[in-house]
Q: 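One structure, as structure tokens, below. Some questions next.
Just so we're on the same page: letters track the sequence lines, and every chain starts at 1.
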Protein chains: 2
Amino acid sequence: MVLLDLLGRRMTLRILWELSIAGGPLTFRALQHAAQTNPSVLNSRLKELRNAQIIEHGGGGYQLSAMGKSLLAIILPLHVWADEWASLYKRNRAMPSRAKGNA
Amino acid sequence: MVLLDLLGRRMTLRILWELSIAGGPLTFRALQHAAQTNPSVLNSRLKELRNAQIIEHGGGGYQLSAMGKSLLAIILPLHVWADEWASLYKRNRAMPSRAKGNA
DNA sequence: CGGGATCCCCGACGATACTG
DNA sequence: CAGTATCGTCGGGGATCCCG
């Protein structure tokens, strides 16, 4: 699924999350700081997300589009599911190596 | 999100999908054929999914666990959303590179 | 401050040969 | 038929520099 290819990328969800809790536009640097990443990756994600019309640029920074918000709403149940699942999952370590920060 | 790290991997959803439509256990080779992949990748995914308890092995092959089914149920809305979104997404990607400003 | 350009590294993937 | 081992390739991601 193309969507997962996008969401699965390194900072995508983090960015959406930061934009979501910010509640308003965030500047490039602000996002970079909030998401703790480097310009190149951030720039890539921003391009992809903007192209996908999940976020918008303008009015003082980046923010979720209407579509982005609706996406977030759908992702939420997934997030909840993942939480319960995570406890089980962690019990038997040996997961894919790519997992760093977020739950 | 760790879950997306798993789902985003190359054949994961495809495997879940094949198992879901099969409705019963599938053998290693059957899966390999259905998902059109090679043994090494298939094996990796199978390990990961089994470890995550999303699929089970036994009784003549691999099949979705209860958890796997519940996951699929949650993924479905996402899939639906992705469908609508996809049309927009593609339209955008199809734009001439020169005038790439969003419409 | 925004964000494109560059360099390097490492892990994921693909193909295939091989064992039980 | 089930699954593992090996090897080369490719692309994403981290860091950094720097111009507009």
Q: Rounded to the nearest 0.5 Å, how far apart are CG of B/Leu3 and CH2 of A/Trp81?
A: 6.0 Å
Q: List for me each residue that meets side-chain contact (heavy atoms from CB on, under 4.5 Å) alongside A/Pro77, sequence neighbours excluded, and say none if there are none.
A: B/Ile74
Q: So which of residues 25-40 of chain B are in contact with DNA chain C, with a heavy-atom cut-off of under 4.0 Å?
A: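 DNA chain C contact set from residues 25-40 of chain B: B/Asn38, B/Pro39, B/Ser40.
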Q: Separation of A/Asn51 atom CG from C/dG3 atom P, in whole Å?
A: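 Those two atoms, CG and P, are 15 Å apart.
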Q: Give a yes/no on whether any side-chain N or O of A/Lys47 is located under 4.0 angstrom from OP1 or OP2 of C/dG3.
A: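 For C/dG3, OP1/OP2 do not have a side-chain N/O of A/Lys47 under 4.0 Å.
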Q: Rounded to whole Å, please give me the gap between CZ in B/Arg9 and P in C/dG14.
A: 12 Å
Q: After noting the C-alpha distance and the side-chain angles of B/Leu7 and A/Leu7, does the key distance pass the side chain to side chain contact (heavy atoms under 4.5 Å, CB included) rule?
A: CA-CA 10 Å; B/Leu7 294 184; A/Leu7 295 184; over 6 Å; no
Q: For B/Asp83, what residues pass the side-chain contact (heavy atoms from CB on, under 4.5 Å) criterion, not counting sequence neighbours?
A: B/His79
Q: A side-chain contact here means heavy atoms from C-beta on lying under 4.5 Å apart; do A/Thr37 and A/Leu31 qualify?
A: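 No - every pair of side-chain heavy atoms lies 4.5 Å or more apart.
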Q: Is it true that, when you exclude A/His33 itself, more than 12 heavy atoms of the residues, nucleotides or ligands shown sit nearer than 6.0 Å to its NE2?
A: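 Atom NE2 in A/His33 is not crowded, with 12 or fewer foreign heavy atoms closer than 6.0 Å.
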Q: Tell me whether the side-chain N/O atoms of A/Tyr62 come closer than 4.0 Å to OP1 or OP2 in C/dG3.
A: yes
Q: What's the CG-C1' distance between A/Leu46 and C/dG3, to the nearest Å?
A: 10 Å
Q: Phosphate oxygens OP1/OP2 of D/dG3: is one of them under 4.0 Å from a side-chain N or O of B/His57?
A: yes
Q: What is the separation between atom CG on B/Leu42 and atom P on C/dT16, rounded to the nearest whole Å?
A: 16 Å
Q: Which atom names give the shortest non-hydrogen contact between A/Val2 and B/Trp85, and what distance separates them?
A: CG1-CH2, 4.3 Å
Q: With a 3.5 Å cut-off and sequence neighbours excluded, list the donor-acceptor pairs that the side chains of residues 60-69 of chain A form with protein atoms.
A:
unit_1  : atom_1 : unit_2  : atom_2 : d
A/Ser65 : OG     : A/Gln53 : O      : 2.7
A/Ser65 : OG     : A/Ile54 : O      : 3.0
A/Ser65 : OG     : A/Met67 : N      : 3.2
A/Ser65 : OG     : A/Gly68 : N      : 3.0

Q: Please output the side-chain donor-acceptor pairs of residues 11-26 of chain B that fall under 3.5 Å, not counting sequence neighbours, one pair per line with the distance.
A:
unit_1  : atom_1 : unit_2  : atom_2 : d
B/Thr12 : OG1    : B/Leu6  : O      : 2.9
B/Thr12 : OG1    : B/Arg9  : O      : 3.3
B/Arg14 : NE     : B/Glu18 : OE2    : 2.9
B/Arg14 : NH2    : B/Ala34 : O      : 3.0

Q: Please state how far atom CG in B/Asn43 lies from atom C1' in C/dT16, giving the value in whole angstrom units.
A: 14 Å
Q: Could you check how far CG of B/Leu6 sits from P of C/dC13, rounded to whole Å?
A: 11 Å
Q: For B/Arg45 and C/dA12, is the shortest distance between a side-chain N/O and OP1 or OP2 below 4.0 Å?
A: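 Negative; the distance criterion is not met.
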Q: How long is the line joining CZ of B/Arg10 and C1' of D/dG11, in whole Å?
A: 12 Å
Q: How close or far is atom P of D/dG12 from atom CG of B/Leu4, stated in whole angstroms?
A: 18 Å
Q: For the helix from C/dC1-D/dG20 to C/dG20-D/dC1, how many degrees between its two end axes (five pairs per end), to the nearest 10°?
A: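 About 30° separates the two local helix axes.
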